[in-house]
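First up is the structure itself, then whatever we jot down about it.
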Amino acid sequence: AIVGFLGCFGAMKQNTSMLLIYAVILGVIILVQLVAGILAFIFSDEAEEVVTTNMEDFIETYDGNTEKNTVLALNLIMEEFDCCGVNSAGDFATLTNASIWTQTNVPDSCCKVMTSQCGWDYDEEDDSINHGGCLTKTVDAFRDNLQIAGICALAFVVIQIIGVIIACNLRNVSKGVLA
């Protein structure tokens, strides 16, 4: 808001100092965005590792209590991507804590058609359960959306560069003009 005020007020009053400050601040913001984008690209390979670790942690503490954010998040992922577990539905038999989850069950969100207790006492041959893991589907969705995010970020940077150019031109035009 302050940056926008500097630009608008500086242009309206033809105040060269405000226009210069506006252009410098926009330039710094552009540089920060570029650095953030470069770092995101460099560390994107670690994203899969972080997602794997977090999903495994979610399953280890899974107890079916839908008031917990981790349970809600995992259920949402499994429903949205038609998947179950990190690598397969078998993760609920091997990764969950037996004291808080019956390991012969999978959550209802793993079912192809969700009904109450549809994932209880499942077996590997059960066709009513999504057997594929969520890790690859989640990472693929993330990568698919990266291109869209990159295009949007590039568009914002171009708009900001245009703002810097206009501010610098207004500053040059305003020099020597009394408001």
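Values below: all heavy atoms of this structure, side chains included; hydrogens, waters and symmetry mates excluded.
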Next on the checklist: Can you tell whether the side chains of K112 and D82 come within less than 4.0 Å, N to carboxylate O?
Outcome noted: no

Next on the checklist: Would you say that E79 contacts M114 through its side chain, given a criterion of any heavy-atom pair below 4.5 Å between the two side chains?
Outcome noted: yes

Checklist entry - Do the non-hydrogen side-chain atoms of I129 and C111 ever get within less than 4.5 Å of each other? => result yes

Checklist entry - Where do T16 and R171 come nearest, in terms of heavy atoms and distance? => result O-NE, 3.3 Å

Item to check | From F92, W120, W101, residue fulfilling side chain to side chain contact (heavy atoms under 4.5 Å, CB included) relative to V106 | outcome: F92

Next on the checklist: Using the rule given for side chain to side chain contact (heavy atoms under 4.5 Å, CB included), can you reason through E60 versus T96, listing the C-alpha separation, both sets of side-chain angles and the distance that settles it, and then say yes or no?
Outcome noted: CA-CA 4 Å; E60 284 176 20; T96 52; over 6 Å; no

Item to check | Exercise: identify the closest heavy-atom pair between A167 and Y22 | outcome: CB-CD2, 3.5 Å

Checklist entry - Looking only at heavy atoms, which two atoms of L95 and I59 are closest? And how far apart? => result CB-CG2, 3.7 Å

Checklist outcome for this item: Heavy-atom nearest pair, I25 first then V3, reads CG2-CG2, 3.4 Å

Next on the checklist: Counting neighbours of CD1 on I2 that are heavy atoms of other residues, nucleotides or ligands and sit closer than 6.0 Å, is the number greater than 12?
Outcome noted: no

Item to check | Minimum-distance pair of heavy atoms, taken over all atoms of M55 and I77 | outcome: CE-CG2, 4.3 Å

Checklist entry - Is there a side-chain contact between K137 and C83, using heavy atoms and a 4.5 Å cut-off? => result yes

Checklist entry - Going through the checks in order, is the disulfide bond (SG atoms under 2.5 Å apart) test met by C134 and C84? => result CA-CA 6 Å; C134 296; C84 189; over 6 Å; no

Item to check | Spacing of L34 atom CG and I29 atom CD1 [to the nearest 0.5 Å] | outcome: 12.0 Å

Checklist entry - Regarding N75 and Y62, is there a side-chain donor-to-acceptor distance under 3.5 Å anywhere? => result yes

Next on the checklist: Tell me the closest heavy-atom pair linking T52 and V86, and the distance in Å.
Outcome noted: CG2-CG1, 4.5 Å

